[in-house]
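Below is one structure, written out as C-alpha coordinates; the observations come after it.
Only a predicted model underlies this, so the values are computations on that prediction, with no experimental measurement involved. What's counted below: heavy atoms across the whole structure, side chains too, no hydrogens, waters or symmetry copies.
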Number of protein chains: 4
Amino acid sequence: MEFKEKKSIYIQIAEYFSDNILKGVWQVEDKIPSVREMAVQLEVNPNTVMRAYALLQERGIIYNKRGIGYFLAPEAEKEVKSMKKDEFISSTLPEFYRMVRLLEIDFEELKEGYREFLEKEAGHEEKH
Amino acid sequence: MEFKEKKSIYIQIAEYFSDNILKGVWQVEDKIPSVREMAVQLEVNPNTVMRAYALLQERGIIYNKRGIGYFLAPEAEKEVKSMKKDEFISSTLPEFYRMVRLLEIDFEELKEGYREFLEKEAGHEEKH
Amino acid sequence: MEFKEKKSIYIQIAEYFSDNILKGVWQVEDKIPSVREMAVQLEVNPNTVMRAYALLQERGIIYNKRGIGYFLAPEAEKEVKSMKKDEFISSTLPEFYRMVRLLEIDFEELKEGYREFLEKEAGHEEKH
Amino acid sequence: MEFKEKKSIYIQIAEYFSDNILKGVWQVEDKIPSVREMAVQLEVNPNTVMRAYALLQERGIIYNKRGIGYFLAPEAEKEVKSMKKDEFISSTLPEFYRMVRLLEIDFEELKEGYREFLEKEAGHEEKH
DNA sequence: GTGGTCTAGACCACC
DNA sequence: GTGGTCTAGACCACA
(Lines give C-alpha, C1' and ligand atoms only; values in the text may rest on other atoms or scores of the structure.)
Protein backbone atom coordinates (compact mmCIF):
# COMPACT_ATOMS: atom_id res chain seq x y z
CA MET A 1 0.00 0.00 0.00
CA GLU A 2 1.28 3.41 -0.95
CA PHE A 3 0.43 6.54 0.94
CA LYS A 4 -0.41 9.89 -0.50
CA GLU A 5 1.67 12.81 0.56
CA LYS A 6 -0.98 15.09 1.89
CA LYS A 7 -3.23 13.03 4.11
CA SER A 8 -1.83 11.68 7.33
CA ILE A 9 -0.98 8.03 7.21
CA TYR A 10 -3.21 6.90 10.05
CA ILE A 11 -6.21 8.48 8.30
CA GLN A 12 -5.34 6.69 5.09
CA ILE A 13 -5.12 3.39 6.95
CA ALA A 14 -8.52 3.98 8.51
CA GLU A 15 -9.94 4.80 5.10
CA TYR A 16 -8.45 1.67 3.65
CA PHE A 17 -10.46 -0.32 6.20
CA SER A 18 -13.63 1.69 5.68
CA ASP A 19 -13.46 1.28 1.93
CA ASN A 20 -13.00 -2.44 2.15
CA ILE A 21 -15.96 -2.75 4.46
CA LEU A 22 -18.10 -0.73 2.11
CA LYS A 23 -16.98 -2.77 -0.85
CA GLY A 24 -17.98 -5.91 1.01
CA VAL A 25 -14.46 -7.33 1.01
CA TRP A 26 -14.64 -7.87 4.76
CA GLN A 27 -17.57 -9.23 6.66
CA VAL A 28 -18.96 -8.53 10.09
CA GLU A 29 -17.27 -10.35 12.99
CA ASP A 30 -14.10 -10.95 10.97
CA LYS A 31 -10.94 -10.62 12.98
CA ILE A 32 -8.73 -7.92 11.60
CA PRO A 33 -4.93 -8.14 11.58
CA SER A 34 -3.12 -7.27 14.79
CA VAL A 35 -1.48 -3.89 15.18
CA ARG A 36 2.02 -5.34 14.89
CA GLU A 37 1.17 -7.48 11.91
CA MET A 38 -0.39 -4.55 10.13
CA ALA A 39 2.57 -2.33 10.95
CA VAL A 40 5.01 -4.77 9.39
CA GLN A 41 2.81 -5.24 6.35
CA LEU A 42 2.40 -1.52 5.75
CA GLU A 43 6.00 -0.68 6.69
CA VAL A 44 4.77 1.81 9.20
CA ASN A 45 5.31 2.57 12.87
CA PRO A 46 2.99 0.47 15.10
CA ASN A 47 1.88 3.67 16.81
CA THR A 48 0.46 4.83 13.51
CA VAL A 49 -1.60 1.66 13.05
CA MET A 50 -2.70 1.94 16.67
CA ARG A 51 -3.99 5.38 15.98
CA ALA A 52 -5.96 4.22 12.96
CA TYR A 53 -7.54 1.40 14.99
CA ALA A 54 -8.37 3.79 17.81
CA LEU A 55 -10.13 6.04 15.35
CA LEU A 56 -12.14 3.16 13.91
CA GLN A 57 -13.05 1.92 17.36
CA GLU A 58 -14.12 5.35 18.48
CA ARG A 59 -16.55 5.44 15.58
CA GLY A 60 -17.95 2.00 16.38
CA ILE A 61 -16.57 0.33 13.29
CA ILE A 62 -14.34 -2.16 15.09
CA TYR A 63 -14.22 -3.36 18.65
CA ASN A 64 -11.62 -4.92 20.87
CA LYS A 65 -11.57 -8.22 22.75
CA ARG A 66 -8.84 -7.82 25.29
CA GLY A 67 -5.91 -10.09 24.67
CA ILE A 68 -7.39 -11.44 21.48
CA GLY A 69 -7.58 -8.67 18.94
CA TYR A 70 -9.82 -6.38 16.98
CA PHE A 71 -13.01 -7.42 15.20
CA LEU A 72 -15.43 -5.82 12.82
CA ALA A 73 -18.42 -4.51 14.75
CA PRO A 74 -21.89 -5.81 13.85
CA GLU A 75 -22.89 -2.32 12.80
CA ALA A 76 -19.67 -1.73 10.91
CA GLU A 77 -21.08 -1.36 7.44
CA LYS A 78 -23.93 0.87 8.55
CA GLU A 79 -21.56 3.07 10.55
CA VAL A 80 -19.09 3.46 7.74
CA LYS A 81 -21.79 4.28 5.29
CA SER A 82 -23.35 6.99 7.41
CA MET A 83 -19.92 8.39 8.23
CA LYS A 84 -18.88 8.56 4.63
CA LYS A 85 -22.16 10.09 3.65
CA ASP A 86 -21.75 12.83 6.22
CA GLU A 87 -18.25 13.48 5.02
CA PHE A 88 -19.39 13.56 1.44
CA ILE A 89 -22.18 16.03 2.10
CA SER A 90 -20.26 18.32 4.41
CA SER A 91 -16.93 18.31 2.68
CA THR A 92 -16.42 16.57 -0.67
CA LEU A 93 -19.56 17.79 -2.36
CA PRO A 94 -19.38 21.52 -1.50
CA GLU A 95 -15.73 21.65 -2.54
CA PHE A 96 -16.63 19.84 -5.74
CA TYR A 97 -19.49 22.18 -6.59
CA ARG A 98 -17.33 25.19 -5.78
CA MET A 99 -14.60 24.05 -8.17
CA VAL A 100 -17.00 23.11 -10.94
CA ARG A 101 -18.52 26.54 -10.70
CA LEU A 102 -15.20 28.44 -10.61
CA LEU A 103 -13.81 26.52 -13.55
CA GLU A 104 -17.11 26.61 -15.43
CA ILE A 105 -17.02 22.91 -16.10
CA ASP A 106 -19.81 21.22 -17.97
CA PHE A 107 -21.64 18.64 -15.91
CA GLU A 108 -22.08 16.31 -18.86
CA GLU A 109 -18.30 16.03 -19.22
CA LEU A 110 -18.10 14.92 -15.61
CA LYS A 111 -20.70 12.26 -16.19
CA GLU A 112 -18.66 10.96 -19.09
CA GLY A 113 -15.52 11.05 -16.93
CA TYR A 114 -17.29 9.03 -14.27
CA ARG A 115 -18.19 6.36 -16.76
CA GLU A 116 -14.51 6.05 -17.68
CA PHE A 117 -13.58 5.95 -14.02
CA LEU A 118 -15.89 3.01 -13.42
CA GLU A 119 -14.50 1.13 -16.37
CA LYS A 120 -10.94 1.68 -15.24
CA GLU A 121 -11.78 0.47 -11.76
CA ALA A 122 -13.51 -2.59 -13.12
CA GLY A 123 -10.29 -3.34 -14.97
CA HIS A 124 -8.29 -3.08 -11.77
CA GLU A 125 -10.64 -5.39 -9.92
CA GLU A 126 -10.17 -8.15 -12.45
CA LYS A 127 -6.45 -8.12 -11.91
CA HIS A 128 -6.79 -9.17 -8.29
CA MET B 1 -13.21 36.85 6.49
CA GLU B 2 -13.52 33.73 8.56
CA PHE B 3 -11.03 30.93 8.51
CA LYS B 4 -11.74 27.24 8.56
CA GLU B 5 -10.07 25.17 11.20
CA LYS B 6 -8.38 22.58 9.06
CA LYS B 7 -6.55 24.46 6.35
CA SER B 8 -3.71 26.74 7.32
CA ILE B 9 -4.59 30.41 7.30
CA TYR B 10 -1.99 31.48 4.79
CA ILE B 11 -3.31 28.94 2.30
CA GLN B 12 -6.83 30.22 2.80
CA ILE B 13 -5.68 33.78 2.19
CA ALA B 14 -3.98 32.72 -1.02
CA GLU B 15 -7.14 30.91 -2.10
CA TYR B 16 -9.22 33.93 -1.29
CA PHE B 17 -7.13 35.90 -3.78
CA SER B 18 -7.17 33.16 -6.40
CA ASP B 19 -10.93 32.83 -6.20
CA ASN B 20 -11.49 36.55 -6.55
CA ILE B 21 -9.26 36.69 -9.59
CA LEU B 22 -11.14 33.80 -11.16
CA LYS B 23 -14.45 35.46 -10.41
CA GLY B 24 -13.22 38.59 -12.14
CA VAL B 25 -13.57 40.70 -8.99
CA TRP B 26 -10.00 41.93 -9.40
CA GLN B 27 -8.34 42.96 -12.60
CA VAL B 28 -4.80 42.61 -13.89
CA GLU B 29 -2.32 45.27 -12.76
CA ASP B 30 -4.44 46.19 -9.76
CA LYS B 31 -2.47 46.97 -6.64
CA ILE B 32 -3.37 44.61 -3.85
CA PRO B 33 -3.51 45.73 -0.21
CA SER B 34 -0.18 46.02 1.57
CA VAL B 35 0.91 43.27 3.89
CA ARG B 36 0.26 45.31 7.01
CA GLU B 37 -3.08 46.58 5.77
CA MET B 38 -4.26 43.09 4.92
CA ALA B 39 -3.05 41.82 8.29
CA VAL B 40 -5.16 44.39 10.12
CA GLN B 41 -8.17 43.71 7.94
CA LEU B 42 -7.99 39.94 8.39
CA GLU B 43 -6.93 40.17 12.03
CA VAL B 44 -3.88 38.02 11.53
CA ASN B 45 -0.18 38.48 11.95
CA PRO B 46 1.64 40.29 9.10
CA ASN B 47 3.96 37.30 8.77
CA THR B 48 1.00 35.13 7.87
CA VAL B 49 -0.11 37.50 5.14
CA MET B 50 3.47 37.71 3.94
CA ARG B 51 3.54 33.99 3.57
CA ALA B 52 0.39 33.98 1.48
CA TYR B 53 1.77 36.72 -0.77
CA ALA B 54 5.08 34.90 -1.15
CA LEU B 55 3.17 31.82 -2.26
CA LEU B 56 1.17 33.77 -4.81
CA GLN B 57 4.28 35.49 -6.10
CA GLU B 58 6.12 32.23 -6.47
CA ARG B 59 3.27 30.98 -8.63
CA GLY B 60 3.37 34.05 -10.84
CA ILE B 61 -0.01 35.35 -9.73
CA ILE B 62 1.23 38.57 -8.17
CA TYR B 63 4.49 40.48 -8.44
CA ASN B 64 6.31 43.03 -6.39
CA LYS B 65 7.51 46.55 -7.07
CA ARG B 66 10.11 47.25 -4.46
CA GLY B 67 9.12 49.77 -1.88
CA ILE B 68 5.72 50.17 -3.49
CA GLY B 69 3.73 47.01 -3.05
CA TYR B 70 2.25 43.96 -4.74
CA PHE B 71 0.30 43.94 -7.99
CA LEU B 72 -1.71 41.39 -9.91
CA ALA B 73 0.51 39.87 -12.59
CA PRO B 74 -0.52 40.15 -16.23
CA GLU B 75 -0.82 36.38 -16.39
CA ALA B 76 -2.66 36.14 -13.07
CA GLU B 77 -5.96 34.86 -14.36
CA LYS B 78 -4.37 32.34 -16.70
CA GLU B 79 -2.06 31.09 -13.95
CA VAL B 80 -4.84 30.70 -11.44
CA LYS B 81 -7.08 28.93 -13.89
CA SER B 82 -4.47 26.39 -14.94
CA MET B 83 -3.46 25.86 -11.33
CA LYS B 84 -7.01 25.24 -10.17
CA LYS B 85 -7.69 22.97 -13.09
CA ASP B 86 -4.66 20.86 -12.25
CA GLU B 87 -5.79 20.66 -8.66
CA PHE B 88 -9.29 19.69 -9.70
CA ILE B 89 -8.14 16.93 -12.01
CA SER B 90 -5.50 15.48 -9.74
CA SER B 91 -7.26 15.80 -6.44
CA THR B 92 -10.88 16.94 -6.21
CA LEU B 93 -12.25 14.89 -9.07
CA PRO B 94 -10.72 11.49 -8.20
CA GLU B 95 -11.84 11.86 -4.59
CA PHE B 96 -15.29 12.82 -5.78
CA TYR B 97 -15.63 9.86 -8.15
CA ARG B 98 -14.32 7.51 -5.47
CA MET B 99 -16.94 8.69 -2.99
CA VAL B 100 -19.78 8.61 -5.51
CA ARG B 101 -18.88 5.07 -6.35
CA LEU B 102 -18.53 3.87 -2.77
CA LEU B 103 -21.80 5.44 -1.73
CA GLU B 104 -23.52 4.38 -4.94
CA ILE B 105 -24.90 7.83 -5.51
CA ASP B 106 -26.98 8.60 -8.54
CA PHE B 107 -25.39 11.16 -10.83
CA GLU B 108 -28.71 12.79 -11.63
CA GLU B 109 -29.18 13.70 -7.98
CA LEU B 110 -25.85 15.47 -8.02
CA LYS B 111 -26.84 17.44 -11.06
CA GLU B 112 -29.95 18.53 -9.24
CA GLY B 113 -27.88 19.44 -6.19
CA TYR B 114 -25.62 21.54 -8.34
CA ARG B 115 -28.57 23.48 -9.67
CA GLU B 116 -29.57 24.29 -6.10
CA PHE B 117 -26.01 25.23 -5.27
CA LEU B 118 -25.95 27.75 -8.11
CA GLU B 119 -29.25 29.25 -7.03
CA LYS B 120 -28.08 29.61 -3.46
CA GLU B 121 -24.91 31.30 -4.61
CA ALA B 122 -26.83 33.65 -6.84
CA GLY B 123 -28.82 34.58 -3.76
CA HIS B 124 -25.65 35.40 -1.86
CA GLU B 125 -24.40 37.60 -4.67
CA GLU B 126 -27.50 39.74 -4.57
CA LYS B 127 -26.98 40.47 -0.90
CA HIS B 128 -23.76 42.32 -1.58
CA MET C 1 29.38 28.27 10.56
CA GLU C 2 29.63 32.01 10.16
CA PHE C 3 27.16 34.07 8.21
CA LYS C 4 27.92 36.94 5.89
CA GLU C 5 26.20 40.19 6.52
CA LYS C 6 24.62 40.79 3.16
CA LYS C 7 22.88 37.57 2.24
CA SER C 8 19.98 36.42 4.33
CA ILE C 9 20.79 33.62 6.70
CA TYR C 10 18.27 31.14 5.39
CA ILE C 11 19.71 31.49 1.88
CA GLN C 12 23.19 30.87 3.23
CA ILE C 13 22.01 27.76 5.02
CA ALA C 14 20.45 26.47 1.81
CA GLU C 15 23.67 27.19 -0.06
CA TYR C 16 25.68 25.42 2.59
CA PHE C 17 23.65 22.30 1.87
CA SER C 18 23.84 22.69 -1.89
CA ASP C 19 27.59 23.13 -1.79
CA ASN C 20 28.11 20.08 0.36
CA ILE C 21 25.99 17.98 -1.95
CA LEU C 22 27.99 19.18 -4.94
CA LYS C 23 31.22 18.44 -3.14
CA GLY C 24 30.02 14.92 -2.49
CA VAL C 25 30.19 15.34 1.28
CA TRP C 26 26.63 14.10 1.61
CA GLN C 27 25.07 11.22 -0.24
CA VAL C 28 21.61 10.62 -1.61
CA GLU C 29 19.03 9.30 0.87
CA ASP C 30 21.04 10.54 3.85
CA LYS C 31 18.94 11.94 6.65
CA ILE C 32 19.76 15.55 7.29
CA PRO C 33 19.75 17.04 10.79
CA SER C 34 16.36 17.92 12.22
CA VAL C 35 15.22 21.51 12.17
CA ARG C 36 15.73 21.96 15.89
CA GLU C 37 19.09 20.25 15.91
CA MET C 38 20.35 22.37 13.05
CA ALA C 39 19.04 25.49 14.76
CA VAL C 40 21.03 24.75 17.88
CA GLN C 41 24.14 23.90 15.90
CA LEU C 42 24.00 27.07 13.81
CA GLU C 43 22.80 29.22 16.69
CA VAL C 44 19.80 30.51 14.80
CA ASN C 45 16.09 30.36 15.29
CA PRO C 46 14.35 27.12 14.22
CA ASN C 47 12.09 29.16 11.94
CA THR C 48 15.11 30.28 9.97
CA VAL C 49 16.29 26.72 9.46
CA MET C 50 12.73 25.74 8.55
CA ARG C 51 12.74 28.36 5.83
CA ALA C 52 15.97 27.05 4.37
CA TYR C 53 14.64 23.49 4.37
CA ALA C 54 11.38 24.60 2.77
CA LEU C 55 13.37 26.26 0.01
CA LEU C 56 15.43 23.15 -0.59
CA GLN C 57 12.34 20.96 -0.60
CA GLU C 58 10.57 23.22 -3.06
CA ARG C 59 13.52 22.81 -5.39
CA GLY C 60 13.45 19.04 -5.11
CA ILE C 61 16.77 18.79 -3.29
CA ILE C 62 15.41 17.32 -0.08
CA TYR C 63 12.13 15.65 0.82
CA ASN C 64 10.20 15.00 3.95
CA LYS C 65 8.99 11.86 5.67
CA ARG C 66 6.29 12.97 8.02
CA GLY C 67 7.13 12.76 11.67
CA ILE C 68 10.57 11.43 10.82
CA GLY C 69 12.60 14.14 9.18
CA TYR C 70 14.19 15.41 5.98
CA PHE C 71 16.26 13.34 3.56
CA LEU C 72 18.38 14.09 0.53
CA ALA C 73 16.30 13.50 -2.59
CA PRO C 74 17.46 10.94 -5.14
CA GLU C 75 17.82 13.73 -7.69
CA ALA C 76 19.55 16.07 -5.24
CA GLU C 77 22.92 16.26 -6.91
CA LYS C 78 21.46 16.65 -10.38
CA GLU C 79 19.08 19.37 -9.20
CA VAL C 80 21.76 21.31 -7.42
CA LYS C 81 24.14 21.12 -10.32
CA SER C 82 21.63 22.35 -12.88
CA MET C 83 20.49 25.08 -10.52
CA LYS C 84 23.99 26.32 -9.85
CA LYS C 85 24.86 26.17 -13.52
CA ASP C 86 21.85 28.32 -14.39
CA GLU C 87 22.82 30.77 -11.73
CA PHE C 88 26.39 30.89 -12.98
CA ILE C 89 25.41 31.50 -16.58
CA SER C 90 22.71 34.04 -15.92
CA SER C 91 24.31 35.94 -13.10
CA THR C 92 27.89 35.24 -12.00
CA LEU C 93 29.44 35.00 -15.43
CA PRO C 94 27.97 38.14 -17.05
CA GLU C 95 28.87 40.20 -13.99
CA PHE C 96 32.37 38.76 -14.10
CA TYR C 97 32.89 39.49 -17.79
CA ARG C 98 31.52 42.99 -17.34
CA MET C 99 33.97 43.73 -14.54
CA VAL C 100 36.94 42.21 -16.35
CA ARG C 101 36.18 44.35 -19.33
CA LEU C 102 35.65 47.57 -17.38
CA LEU C 103 38.84 47.10 -15.40
CA GLU C 104 40.75 45.86 -18.42
CA ILE C 105 42.06 42.87 -16.55
CA ASP C 106 44.29 40.35 -18.24
CA PHE C 107 42.76 36.90 -18.44
CA GLU C 108 46.08 35.20 -17.81
CA GLU C 109 46.33 36.88 -14.42
CA LEU C 110 42.95 35.41 -13.51
CA LYS C 111 44.06 31.98 -14.50
CA GLU C 112 47.07 32.36 -12.24
CA GLY C 113 44.80 33.61 -9.45
CA TYR C 114 42.59 30.57 -9.86
CA ARG C 115 45.56 28.29 -9.46
CA GLU C 116 46.37 29.97 -6.16
CA PHE C 117 42.73 29.73 -5.11
CA LEU C 118 42.75 25.98 -5.67
CA GLU C 119 45.97 25.59 -3.68
CA LYS C 120 44.59 27.59 -0.80
CA GLU C 121 41.44 25.50 -0.76
CA ALA C 122 43.44 22.30 -0.84
CA GLY C 123 45.27 23.61 2.22
CA HIS C 124 42.01 24.17 4.03
CA GLU C 125 40.84 20.66 3.26
CA GLU C 126 43.90 19.14 4.86
CA LYS C 127 43.21 20.95 8.11
CA HIS C 128 39.99 19.05 8.61
CA MET D 1 17.02 52.08 -18.70
CA GLU D 2 15.72 48.85 -17.28
CA PHE D 3 16.42 47.67 -13.78
CA LYS D 4 17.25 44.19 -12.69
CA GLU D 5 15.07 42.61 -10.10
CA LYS D 6 17.59 41.76 -7.48
CA LYS D 7 19.79 44.78 -6.99
CA SER D 8 18.28 47.89 -5.48
CA ILE D 9 17.53 50.58 -7.99
CA TYR D 10 19.67 53.28 -6.43
CA ILE D 11 22.71 51.01 -6.60
CA GLN D 12 22.00 50.29 -10.24
CA ILE D 13 21.78 54.00 -10.96
CA ALA D 14 25.10 54.61 -9.23
CA GLU D 15 26.65 51.79 -11.23
CA TYR D 16 25.29 53.22 -14.43
CA PHE D 17 27.24 56.42 -13.66
CA SER D 18 30.39 54.60 -12.61
CA ASP D 19 30.39 52.49 -15.72
CA ASN D 20 30.00 55.49 -18.00
CA ILE D 21 32.86 57.26 -16.28
CA LEU D 22 35.07 54.23 -16.66
CA LYS D 23 34.12 53.88 -20.28
CA GLY D 24 35.11 57.50 -20.83
CA VAL D 25 31.61 58.53 -21.92
CA TRP D 26 31.62 61.32 -19.38
CA GLN D 27 34.52 63.64 -18.67
CA VAL D 28 35.72 65.34 -15.54
CA GLU D 29 33.93 68.56 -14.57
CA ASP D 30 30.87 67.67 -16.67
CA LYS D 31 27.61 68.69 -15.06
CA ILE D 32 25.41 65.69 -14.50
CA PRO D 33 21.63 65.80 -14.84
CA SER D 34 19.65 67.20 -11.91
CA VAL D 35 17.92 64.83 -9.54
CA ARG D 36 14.50 65.71 -10.85
CA GLU D 37 15.51 65.46 -14.46
CA MET D 38 17.08 62.06 -13.87
CA ALA D 39 14.05 60.88 -11.95
CA VAL D 40 11.74 61.71 -14.84
CA GLN D 41 14.06 60.15 -17.36
CA LEU D 42 14.43 56.91 -15.39
CA GLU D 43 10.77 56.84 -14.29
CA VAL D 44 11.83 56.57 -10.72
CA ASN D 45 11.11 58.33 -7.45
CA PRO D 46 13.37 61.40 -6.99
CA ASN D 47 14.34 60.07 -3.57
CA THR D 48 15.87 57.08 -5.28
CA VAL D 49 18.01 59.23 -7.57
CA MET D 50 18.96 61.36 -4.59
CA ARG D 51 20.20 58.28 -2.82
CA ALA D 52 22.33 57.26 -5.77
CA TYR D 53 23.87 60.72 -5.98
CA ALA D 54 24.53 60.73 -2.24
CA LEU D 55 26.36 57.44 -2.60
CA LEU D 56 28.50 58.74 -5.44
CA GLN D 57 29.26 61.92 -3.56
CA GLU D 58 30.21 60.02 -0.45
CA ARG D 59 32.77 58.15 -2.49
CA GLY D 60 34.21 61.32 -4.01
CA ILE D 61 33.00 60.59 -7.52
CA ILE D 62 30.73 63.60 -7.85
CA TYR D 63 30.49 66.83 -5.90
CA ASN D 64 27.80 69.39 -5.33
CA LYS D 65 27.72 73.11 -6.03
CA ARG D 66 24.87 74.41 -3.95
CA GLY D 67 22.02 75.74 -6.03
CA ILE D 68 23.69 74.72 -9.26
CA GLY D 69 23.93 70.98 -9.41
CA TYR D 70 26.21 67.99 -9.34
CA PHE D 71 29.52 67.70 -11.22
CA LEU D 72 32.01 64.96 -11.88
CA ALA D 73 34.88 65.23 -9.43
CA PRO D 74 38.40 65.69 -10.76
CA GLU D 75 39.37 62.38 -9.29
CA ALA D 76 36.22 60.66 -10.52
CA GLU D 77 37.81 58.16 -12.85
CA LYS D 78 40.53 57.21 -10.42
CA GLU D 79 38.03 56.79 -7.60
CA VAL D 80 35.69 54.66 -9.62
CA LYS D 81 38.48 52.48 -10.84
CA SER D 82 39.87 51.80 -7.38
CA MET D 83 36.39 51.22 -6.02
CA LYS D 84 35.51 48.75 -8.71
CA LYS D 85 38.81 46.98 -8.31
CA ASP D 86 38.21 46.55 -4.59
CA GLU D 87 34.76 45.23 -5.28
CA PHE D 88 36.08 42.86 -7.89
CA ILE D 89 38.77 41.46 -5.65
CA SER D 90 36.70 41.15 -2.52
CA SER D 91 33.44 40.01 -4.02
CA THR D 92 33.14 39.17 -7.71
CA LEU D 93 36.33 37.19 -8.05
CA PRO D 94 36.02 34.90 -5.01
CA GLU D 95 32.42 34.08 -5.91
CA PHE D 96 33.53 33.41 -9.47
CA TYR D 97 36.36 31.11 -8.45
CA ARG D 98 34.10 29.30 -6.02
CA MET D 99 31.53 28.61 -8.72
CA VAL D 100 34.09 27.57 -11.32
CA ARG D 101 35.50 25.11 -8.84
CA LEU D 102 32.15 23.70 -7.72
CA LEU D 103 30.94 23.24 -11.28
CA GLU D 104 34.32 22.02 -12.48
CA ILE D 105 34.36 24.41 -15.37
CA ASP D 106 37.31 24.54 -17.73
CA PHE D 107 39.09 27.87 -17.70
CA GLU D 108 39.76 27.76 -21.43
CA GLU D 109 36.02 27.69 -22.11
CA LEU D 110 35.65 30.85 -20.09
CA LYS D 111 38.34 32.56 -22.09
CA GLU D 112 36.49 31.65 -25.25
CA GLY D 113 33.24 32.93 -23.74
CA TYR D 114 34.92 36.21 -22.89
CA ARG D 115 36.03 36.68 -26.48
CA GLU D 116 32.40 36.25 -27.58
CA PHE D 117 31.28 38.67 -24.89
CA LEU D 118 33.64 41.33 -26.20
CA GLU D 119 32.45 40.84 -29.76
CA LYS D 120 28.84 41.12 -28.75
CA GLU D 121 29.52 44.29 -26.81
CA ALA D 122 31.42 45.79 -29.75
CA GLY D 123 28.32 45.14 -31.83
CA HIS D 124 26.16 46.96 -29.32
CA GLU D 125 28.49 49.97 -29.28
CA GLU D 126 28.24 50.44 -33.02
CA LYS D 127 24.49 50.73 -32.80
CA HIS D 128 24.72 53.89 -30.70
C1' DG E 1 5.17 54.38 3.32
C1' DT E 2 6.61 49.50 1.39
C1' DG E 3 8.47 44.44 1.77
C1' DG E 4 11.77 41.17 4.01
C1' DT E 5 14.22 38.83 7.60
C1' DC E 6 14.84 37.23 12.10
C1' DT E 7 13.97 36.02 17.01
C1' DA E 8 11.43 34.07 20.87
C1' DG E 9 8.09 31.37 22.16
C1' DA E 10 3.86 28.83 21.75
C1' DC E 11 0.78 25.13 20.15
C1' DC E 12 -0.58 21.42 17.16
C1' DA E 13 -0.66 17.09 14.45
C1' DC E 14 1.87 13.27 13.31
C1' DC E 15 5.11 9.10 13.63
C1' DG F 1 10.90 12.62 18.76
C1' DT F 2 9.55 15.07 14.05
C1' DG F 3 7.77 19.13 10.99
C1' DG F 4 4.39 23.03 10.46
C1' DT F 5 1.87 27.10 11.60
C1' DC F 6 1.08 31.20 14.00
C1' DT F 7 1.78 35.31 16.99
C1' DA F 8 4.19 39.33 18.78
C1' DG F 9 7.54 42.28 18.18
C1' DA F 10 11.78 44.02 16.39
C1' DC F 11 14.99 45.84 12.89
C1' DC F 12 16.55 46.84 8.28
C1' DA F 13 16.76 48.34 3.39
C1' DC F 14 14.31 50.47 -0.10
C1' DA F 15 11.18 53.99 -2.79
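- Side-chain N/O atoms of A:Asn45 and base N/O atoms of E:dC14 include no donor-acceptor pair closer than 3.5 Å.
- In this structure, the nucleotide among F:dA15, E:dC11, E:dT2 sitting nearest to the side chain of D:Arg51 is F:dA15.
- Here F:dT2 presents its C1' atom at 13 Å from NZ of C:Lys65, a figure rounded to the nearest Å.
- Comparing D:Ile11 and C:Ile68 by the nucleotide of DNA chain F whose heavy atom lies nearest to each, the residue mapping closer to the 5' end is C:Ile68.
- With B:Phe71 as the aromatic partner, B:Lys65 meets the cation-pi criteria of under 6.0 angstrom to the ring centre and within 45 degrees of the ring axis.
- Without hydrogens or angle criteria, D:Ser18 side chain to D:Ala14 main chain gives a donor-acceptor distance under 3.5 Å.
- Side chains of B:Glu15 and B:Tyr10: no donor on one and acceptor on the other come within 3.5 Å.
- Applying the Watson-Crick and G-U wobble criteria (two distances, each under 3.5 Å), F:dT5 pairs with E:dA10.
- The base of F:dG3 is not paired with the side chain of C:Asn47 by any donor and acceptor separated by under 3.5 Å.
- One finds a side-chain N or O of C:Tyr10 lying less than 4.0 angstrom from the OP1 or OP2 phosphate oxygen of E:dT5.
- Across the protein-nucleic acid pair, C:Ile13 atom CD1 and E:dT7 atom C1' stand 13 Å apart, rounded to whole Å.
- Here the C1' atom of nucleotide E:dC14 and the CG atom of A:Leu55 are 13 Å apart, to the nearest Å.
- At least one side-chain heavy atom of C:Phe17 sits less than 4.5 Å from a side-chain heavy atom of C:Met38.
- Between C:Thr48 and A:Thr48, the one whose closest nucleotide on DNA chain E sits nearer the 5' end is C:Thr48.
- In this structure, CG of B:Leu42 is placed 14 Å from C1' of F:dC6, rounded to the nearest angstrom.
- Minimum atom distance to the side chain of C:Ser8 is reached by E:dT5, of the listed E:dT5, F:dG3, F:dA15.
- Between D:Gln12 atom CD and F:dA15 atom P there is a gap of 9 Å when expressed in whole angstrom units.
- Listed candidates were E:dC6, F:dT2, F:dG3. Nearest to the side chain of C:Glu37 is F:dT2.
- A donor-acceptor contact under 3.5 Å is formed by the side chain of C:Arg36 with the base of F:dG3.
- With rounding to whole Å, A:Lys6 atom NZ is found 18 Å from F:dT5 atom C1'.
- The NZ-C1' distance, from A:Lys7 to E:dA13, rounds to 16 Å in whole Å.
- In this structure, B:Tyr53 reaches neither bases nor backbone, as no heavy-atom distance under 4.0 Å exists between it and the strands shown.
- In B:Lys85, the NZ atom is not crowded: 12 or fewer heavy atoms of neighbouring residues, nucleotides or ligands sit closer than 6.0 Å.
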